[in-house]
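One structure is given here, and the rest of the page talks about it.
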Amino acid sequence: CNQSAAPLLLPRLAASGSCNGHYFLAIHPIHPPFLPPVPGRRHHHKTPLPGARGRALVPAARPQLRIHSAPAPARGEGPRNRPGTDQMGGGSGGRGKGMPRAMAPVEEVDVAAVRYKPAELQAPHLTGFPLRAFVWLLESPLLGPLVTSILKKQNNMTQMLQHTVIPERPMFYPEYPPQEPERGVVTLGDDRDPVDRVEEALSCLAPYDPSGRFTSADEKNPFLYWKIRDFAYAYRSGITTPSAVAELVIAGVEEWNNKKPPMPMLIFFKADDLRKQADASTKRFEKGSPISVLDGIFFAVKDDIDCLPYPSKSATTFFDEIRPVEKDAVAVSRLRKCGVIFIGKANMHELGLGVTGNNPNYGTVRNPHSVDRYTGGSSSGPAALVSSGLCSGAIGTDGGGSVRIPSSLCGIVGLKTTFGRTDMTGVVCDAGTVEVASPL
């Protein structure tokens, strides 16, 4: 949960008895969170792990934060019943008034004895006009707080929050301890200039051999499936120019849009803006001063990542009205500094909430290899654009497979990067540590 949603979601979890009566706040990757020790608490790690400042508050084998406020058993003492707790870890019916709700540690819970007890929630079931009226009521500055307070009181949300103690400060983002440098691994500092980082990364690749692609400057080669270094070599050898490639991209986009059925890979596309970017790149090559190996390389950007001069709608019809775009996302800005040409905002599953790419607002992107099949989603447009050969790469977002699924179905490479590797500033979806911006 993100921080703003946690107060609303936690009582619901307690009421439904999910997760065997435990609040599961976060699942941390590789390293458990490291926080200063809490006085009077039992610590599972007697010695801090390398690089940690303080001790871990959760067992390494079970990296979840649990909520329990009653004192832990003394050293050597077996599990014991706590006042106000039962074997499910939840509060018992005989708990005294005002006694804090104590969530038992998982090792004290008899899982075999746990029985699911559905809670009765008094939540309205509304559709159509009653739903619109209810939303209007909730958003009303005068009546909204009153209605919200009544609903919380009916579902015991206020009582649960008041009588539940969280001794540890929840972590919404992981903290990684310093790691020893690995042999043969080049570390690219995040605070360095993007061009320098690209050049250093390029030096780690095998030398480029054009003989497999180009035999002479006059030979005509297929446009489809040129790689980034193929374009870079062709630009520097005078075989083609970014402006010439831009005209082919524009023609390709128009061709796909005019097919029956159409192929709406891009939600926002401006041919004049594309020609302007390509012309600037072509002039840099004519002067012999390209910015980097990415200069003149065509990229697409998923519609939930900010990229001027386009809005970010997340494939909805309204989102740009409540969230205007003022500047490029950090990931887009860094690529732009390297000379990348952005062809437009790529289609996607609406709000990223699906794995097919089906979109009723702008049309569904079809798989370039078989137009009667889905691309997968939610990064359907980026995958289709790369797969069709209209651009060498694209930026998508991935929370539960939104880059990996369409990449797999379209026969290209998609990577979900480690959280923190890519700056998420300027990305519409803020899903905490779940969502990342990553390449196709």
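Computed over heavy atoms, backbone and side chain alike; hydrogens, waters and symmetry mates excluded.
With hydrogens and angles ignored, the 3.5 Å screen pairs no side-chain donor or acceptor of Tyr362 with any backbone N or O of Phe268. Under a 3.5 Å cut-off, the side chain of Ser408 and the backbone N or O of Arg404 do not form any donor-acceptor pair. No donor-acceptor distance shorter than 3.5 angstrom exists from the side chain of Thr397 to the backbone of Ala437, with no hydrogens or angles considered. Formation of a donor-acceptor pair under 3.5 Å by the Ser203 side chain with backbone atoms of Glu200 is found in this model. Within the 3.5 Å criterion, the main-chain N or O of Val436 finds no donor-acceptor partner in the side chain of Lys416. Under the 3.5 Å distance criterion, the side-chain polar atoms of Thr148 are matched with a main-chain donor or acceptor of Gly144. With Ser292 contributing its side chain and Cys338 its backbone, the two residues share a donor-acceptor pair below 3.5 Å. Between the Asn359 side chain and the Asn347 main chain, no donor and acceptor come within less than 3.5 Å of each other. Of the possible donor and acceptor atoms, one in the side chain of Asp303 sits under 3.5 Å from a partner among the backbone N and O of Ala315. Put simply, the side chain of Ser387 gets close to the backbone of Cys410: a donor and an acceptor are under 3.5 Å apart.
Between Phe342 and Phe299, the ring-plane angle classifies as perpendicular under the 30° and 60° cut-offs.
Within a 6.0 Å sphere centred on CZ of Phe318, heavy atoms belonging to other residues, nucleotides or ligands number more than 12. The environment of Arg132 atom CZ is sparse: at most 12 non-hydrogen atoms of other residues, nucleotides or ligands sit within 6.0 angstrom.
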Q: Might you work through the side chain to side chain contact (heavy atoms under 4.5 Å, CB included) test for Val253 and Leu266, ending with a clear yes or no?
A: CA-CA 8 Å; Val253 170; Leu266 290 166; 3.9 Å; yes
**Q.** Steps toward side chain to side chain contact (heavy atoms under 4.5 Å, CB included) verdict (Ile395, Val332)
**A.** CA-CA 8 Å; Ile395 314 175; Val332 172; 4.2 Å; yes
Q | Evaluation steps, side chain to side chain contact (heavy atoms under 4.5 Å, CB included), between Ser312 and Lys345 | A | CA-CA 8 Å; Ser312 293; Lys345 299 299 287 295; 3.1 Å; yes
Q. Between Arg373 and Arg366, is a side chain to side chain contact (heavy atoms under 4.5 Å, CB included) present by the stated rule, with each step listed?
A. CA-CA 6 Å; Arg373 300 178 186 272; Arg366 297 171 178 269; over 6 Å; no
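A distance of 8.0 Å separates CD in Glu182 from OG1 in Thr187, rounded to the nearest 0.5 Å. Leu351 CG to Ser314 OG: the interatomic distance, rounded to the nearest 0.5 Å, is 5.5 Å. Atom CG of Leu385 sits about 12.5 Å away from atom CZ of Phe298, to the nearest 0.5 Å. Rounding to the nearest 0.5 angstrom, the gap separating the CZ atom in Arg323 from the OG1 atom in Thr316 is 11.0 Å. Note that the CG atom of Asn361 and the CE atom of Met348 stand 11.0 Å from one another [nearest 0.5 Å]. One finds the SG atom of Cys391 at 8.5 Å from the CE atom of Met265 (value rounded to the nearest 0.5 Å).
Contact record, Ser392 with Phe231: OG-CE1, 3.3 Å, taken as the closest heavy-atom pair. Nearest heavy-atom pair across Pro264 and Pro262 is CD-O, 3.5 Å. Summarising the geometry of Ala394 relative to Pro382, their closest heavy-atom pair is CB-CB, 3.6 Å, with the distance given to 0.1 Å. Listed here is the closest heavy atom pair of Pro368 and Ala384: CG-O, 3.5 Å. Counting all heavy atoms, side chain and backbone alike, Cys307 lies closest to Val325 at N-CG1, 4.5 Å. Considering every non-hydrogen atom in both Gly414 and Val403, the closest pair reads CA-CG1, 3.8 Å.
Using a 4.0 Å cut-off between charged nitrogen and carboxylate oxygen, Asp272 and Arg275 count as a salt-bridge pair. Salt bridge status for Arg336 with Asp328: present, with a side-chain N to carboxylate O gap under 4.0 Å. At a threshold of 4.0 Å, the pair Asp306-Lys327 does not count as salt-bridged, since none of the basic side-chain nitrogens sits closer than that to a carboxylate oxygen. Comment: Glu321 does not engage Lys313 in a salt bridge, judged by the lack of any side-chain N to carboxylate O separation of less than 4.0 angstrom.
The side chain to side chain contact (heavy atoms under 4.5 Å, CB included) test with Tyr374 is passed by exactly one of Val355, Val365, Asn367, Asn358: Asn358. The side chain to side chain contact (heavy atoms under 4.5 Å, CB included) with Ile341 is formed by just one residue from the set Leu335, Leu294, Leu274; it is Leu274.
Side-chain contact check for Met263 versus Asn258: every heavy-atom pair is 4.5 Å or farther apart. A heavy-atom distance below 4.5 Å is found between the side chains of Ile250 and Phe269. Taking 4.5 Å as the limit, every side-chain heavy atom of Val428 sits out of range of all side-chain heavy atoms of Ile305. Considering only heavy atoms from C-beta on, Lys302 comes within 4.5 Å of Ser378 through its side chain.
Donor-acceptor pairing under 3.5 Å is recorded for the side chains of Gln277 and Asp273. Residues Ser281 and Asp295 have side chains that bring a donor and an acceptor to within less than 3.5 angstrom of each other. Side-chain atoms of Ser380 and His349 form no donor-acceptor pair, as typed in the model, at a separation below 3.5 Å.
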